[in-house]
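What follows is a short report on a single structure.
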Amino acid sequence: MNSHEQIDALTGAGVLADIDRYFARLTMDLGAGEDVALAAATTSALHRNGHTCLDLGNAGKPIATLVERPDSGRPEETLAADLQAIALPASAALRGALAGSPVVTTDADAANDRPLVLDGDRLYLHRLFHAERRLAARLLALAAERDLSAGAESTAARVFDAGEDRTAEAVAALRIALERRLCIVTGGPGTGKTTLAAKLIATLVDTGLAHPRRIGLAAPTGKAASRIQESVREKLGEGLLDRVPELCEFPAEAWTVHRLLASRTSRMDRLDALVVDECSMADLALMVRLATALPEHCRLILLGDANQLASVEPGSVFSDLCKAGNRGPLTHCVTTLRKNYRFEERSGIGRLAAAVVAGDADAAVRVLRDGSDATTQLEPLDDEAAFDAFAHDCAREWSDHMKDLAADPLGVAPFPERRVLCSHRRGPFGTDRFNRLVERRLAELGRRREHDEFYIGRPIIVSRNDRQTNLSNGDTGVVVPGDRGNPRVWFPDLDRDGKRFLVAPSRLPQHESFFALTVHRAQGSEYRHVVFVPGPAESRVNTKELLYTAVTRAQNTVTVLATRRSVRAAVLRTTSRATGLLDRLR
């Protein structure tokens with residue numbers, strides 16, 4: 001087969017998408033050779049997989065091993081042998097073809113509109129190359145600026161009270177915030193990131209480096225923004241206002257990053273400092289928009305967990321930033337919080353998270369099978385029939401909850417304590433199928449009538465930002481009885497000052513039910529009891545980053561429904577994204 005036929009065949013098999021094929025054809029119309037067109041299609045597909053570039057070190061490998069197929073949840077479905085063999089040319093040959101192609105530029109500063117950029121051993125889509133380079137330049141400029149106007153130790157004495165734990169890492173973060181315009185704090189759940197955020201805000205106000213009304217709070221999603229807002233307000237009320245009275249002017253209102261960018265002329269241009277939480281969820285495009293929109297004098301404080309899943313969209317920005325702290329210009333901008341205040345060192349969840357981060361599959365399985373600690377459990381889920389039975393069990397739990405909610409909508413929690421998380425969206429072990437099974441069973445139990453979309457107790461997740469209602473992608477609500485029998489959707493995370501945030505169903509933006517969520521959708525949230533369904537051991541979706549993110553959503557209990565083989569495979573499989581940001585930051 002020629003490259004044109006290979007691209008068509010890979011598209012038909014689901015390795016490439018139609019947009020990858022169209023992009024390849026466009027490059028051929030512009031004069032690209034067959035090898036370059038094949039590389040263009042692959043680069044486009046890798047972009048959809050979260051990579052910012054094609055690493056030419058992988059040239060010569062079969063394309064099907066480089067590109068993850070869409071989340072089917074059926075890894076046992078293999079490609080035909082002839083499709084598995086389709087590969088890019090060897091590195092040297094491909095580099096030569098790219099360097100002489102009319103659709104590829106090798107001069108990053110050249111004023112041309114060629115769709116591909118060859119930068120050393122990396123092939124980029126034009127816009128991703130420039131986004132990566134612009135972000136690195138802005139962050140390095142922030143990291144280079146220093147202000148030695150105050151000492152961290154004396155400031156710490158004012159913002160920490162006498163009885164508080166003052167770790168060396170927390171004092172280091174205060175020092176960074178005082179000396180640099182870029183401060184990066186990473187740490188797992190329960191390590192005190194939001195407590196430290198409040199201390200950093202107090203530090204900037206106390207030293208006069210930021211006016212309290214010109215400090216912003218933000219996060220990538222509405223759920224995460226609500227959490228950082230609630231946490232910071234709580235910490236301010238625990239004595240910080242007494243020690244730094246000027247904080248009474250700080251509004252402590254958190255915005256989604258998208259909403260903050262949209263308000264640029266009225267809000268963002270006046271900031272002295274911006275604190276952004278859950279930065280592991282922020283992709284390259286969002287971070288470059290944010291960093292380049294900041295006023296020149298503004299301080300940027302980024303909080304997150306470098307061990308969590310990377311963003312859904314291209315890039316692994318926060319992870320790259322934290323790695324850049326090991327050496328290079330960002331060395332003095334990154335601090336890692338290690339002491340956990342939520343989980344004891346020997347607790348089940350703490351030991352499980354540590355084993356996953358360390359890549360110790362045997363230890364992870366031992367923790368899950370340790371019958372002496374009920375906070376972590378491993379229960380078998382061998383096939384689709386077992387998955388169906390579990391969905392029916394959850395439907396009964398939701399049915400009981402819906403009955404209570406209908407009877408006492410003001411006195412019942414919005415959702416059951418147990419939250420189901422899945423690795424996959426589609427396929428036999430995916431959230432789409434789980435949600436259909438639960439809704440079908442609820443109809444059989446009499447909890448919803450046919451064609452009744454907004455039945456009492458239905459959990460709803462918003463999937464599109466909406467300025468009219470102030471709802472954001474990721475906000476979660478539940479249908480409750482309203483006045484005169486009309487249902488309303490209650491979004492408990494958006495409640496303010498004791499007043500419920502209620503929206504009429506007709507005003508809802510794009511949304512769906514969520515009896516189960518993908519781990520990606522649950523990122524930035526916490527639940528008392530997490531039940532995690534990873535699915536087949538062979539699935540490339542299951543990585544240690546995804547497993548770590550899933551188990552650390554739990555506050556009290558984690559139940560993994562899987563075989564030991566699936567757990568081991570996930571712990572030993574690492575997410576690896578091709579980007580050039582780390583090298584640019586160093």
Separation between CG of D55 and CG of L123, rounded to the nearest 0.5 Å: 10.5 Å
K193 (side chain) donor-acceptor with G187 (main chain) under 3.5 angstrom: yes
Gap separating the CZ atom of F491 from the OG atom of S226, nearest 0.5 angstrom: 11.0 Å
Centroid-centroid distance, F390 to F429, less than 6.0 Å: no
Minimum side-chain heavy-atom gap D370-R351 below 4.5 Å: yes
Test side chain to side chain contact (heavy atoms under 4.5 Å, CB included) applied to T574 and T543, step by step: CA-CA 5 Å; T574 302; T543 62; over 6 Å; no
R500 vs D495, salt bridge (Lys or Arg N to Asp or Glu O under 4.0 Å): CA-CA, chis, key distance, verdict: CA-CA 5 Å; R500 286 193 163 190; D495 291 351; 5.1 Å; no
Passing option when T476 is tested against H511, R521, K223 for side chain to side chain donor-acceptor pair (under 3.5 Å): K223
T43 and F23, any side-chain heavy atoms less than 4.5 Å apart: no
Rounded distance (nearest 0.5 Å) linking atom CZ of R448 with atom CD1 of I456: 13.0 Å
Exam field: side chain E278 to backbone A224, donor-acceptor pair closer than 3.5 Å: no
Heavy-atom donor-acceptor pair, R573 side chain to S539 backbone, under 3.5 Å: yes
Ring centre gap for F387 and F434 strictly below 6.0 Å: yes
More than 12 heavy atoms of other groups within 6.0 Å of R233 CZ: yes
Taking every non-hydrogen atom, the tightest pair across L261 and A293: CD2-CB, 3.9 Å
Heavy-atom side-chain proximity of T256 to N465 below 4.5 angstrom: no
Side chain proximity check, L368 to V567, heavy atoms < 4.5 angstrom: yes
Any side-chain heavy-atom pair of C53 and L46 under 4.5 Å: no
F415 and W398 aromatic ring geometry - parallel, tilted or perpendicular at 30°/60° bounds: perpendicular
Distance in Å, L135 CG paired with L321 CG, rounded so as to fall on 0.5 Å steps: 7.0 Å
Heavy-atom donor-acceptor pair, D320 side chain to L581 backbone, under 3.5 Å: no
Polar side-chain atom of T549 near backbone of E545 as donor-acceptor pair, under 3.5 Å: yes
Side-chain H-bond candidate by donor/acceptor type, T518 with T431, under 3.5 Å: no
Distance-only donor-acceptor check, side chains N542 and S423, under 3.5 Å: yes
Any residue meeting salt bridge (Lys or Arg N to Asp or Glu O under 4.0 Å) with D360, in chain and number order, not counting sequence neighbours: none
Salt bridge E526-R419, side-chain N to carboxylate O under 4.0 Å: no
Q523 side chain to M281 backbone, donor-acceptor under 3.5 Å: no
Any donor-acceptor pair under 3.5 Å from D283 side chain to P314 backbone: no
With R577 via salt bridge (Lys or Arg N to Asp or Glu O under 4.0 Å) - residues at least two apart: none
Side-chain (T221) to main-chain (G474) donor-acceptor, under 3.5 angstrom: no
More than 12 heavy atoms of other groups within 6.0 Å of E230 CD: no
Within 45° cone of Y124 ring axis and under 6.0 Å: R122 NZ or CZ: no
Pairing of D18 and R21 as salt bridge, 4.0 angstrom limit: yes
Polar contact flag, side-chain donor to acceptor under 3.5 angstrom, R553-S525: no
Beyond-backbone contact of P189 with D305, side-chain heavy atoms, under 4.5 angstrom: yes
Spatial distance of atom CD (Q229) from atom OG1 (T194) [nearest 0.5 Å]: 13.0 Å
Distance, nearest 0.5 Å, that separates CZ of R134 from OG1 of T292: 4.5 Å
Worked check of side chain to side chain contact (heavy atoms under 4.5 Å, CB included) between T469 and L508: CA-CA 8 Å; T469 57; L508 284 178; over 6 Å; no
Trace of the side chain to side chain contact (heavy atoms under 4.5 Å, CB included) decision for E313 with L284: CA-CA 8 Å; E313 297 298 321; L284 174 63; over 6 Å; no
Salt bridge (Lys or Arg N to Asp or Glu O under 4.0 Å): pairs with one or both residues in residues 386-397, sequence neighbours excluded: D388-R433, D393-R396, D393-R418, E397-R418
Heavy-atom side-chain proximity of N556 to T375 below 4.5 angstrom: no
Side chains of I461 and E512 in contact at under 4.5 Å (non-hydrogen atoms): yes
Side chain H401, main chain P414, donor-acceptor under 3.5 Å: yes
Intermediate values then yes/no, salt bridge (Lys or Arg N to Asp or Glu O under 4.0 Å), E444 and R441: CA-CA 5 Å; E444 295 171 357; R441 182 60 178 157; 2.8 Å; yes
Derivation and outcome, side chain to side chain contact (heavy atoms under 4.5 Å, CB included), residues F532 and V519: CA-CA 9 Å; F532 175 47; V519 177; 3.6 Å; yes
Test item: T186 side-chain N/O and A306 main-chain N/O as donor-acceptor pair under 3.5 Å: yes
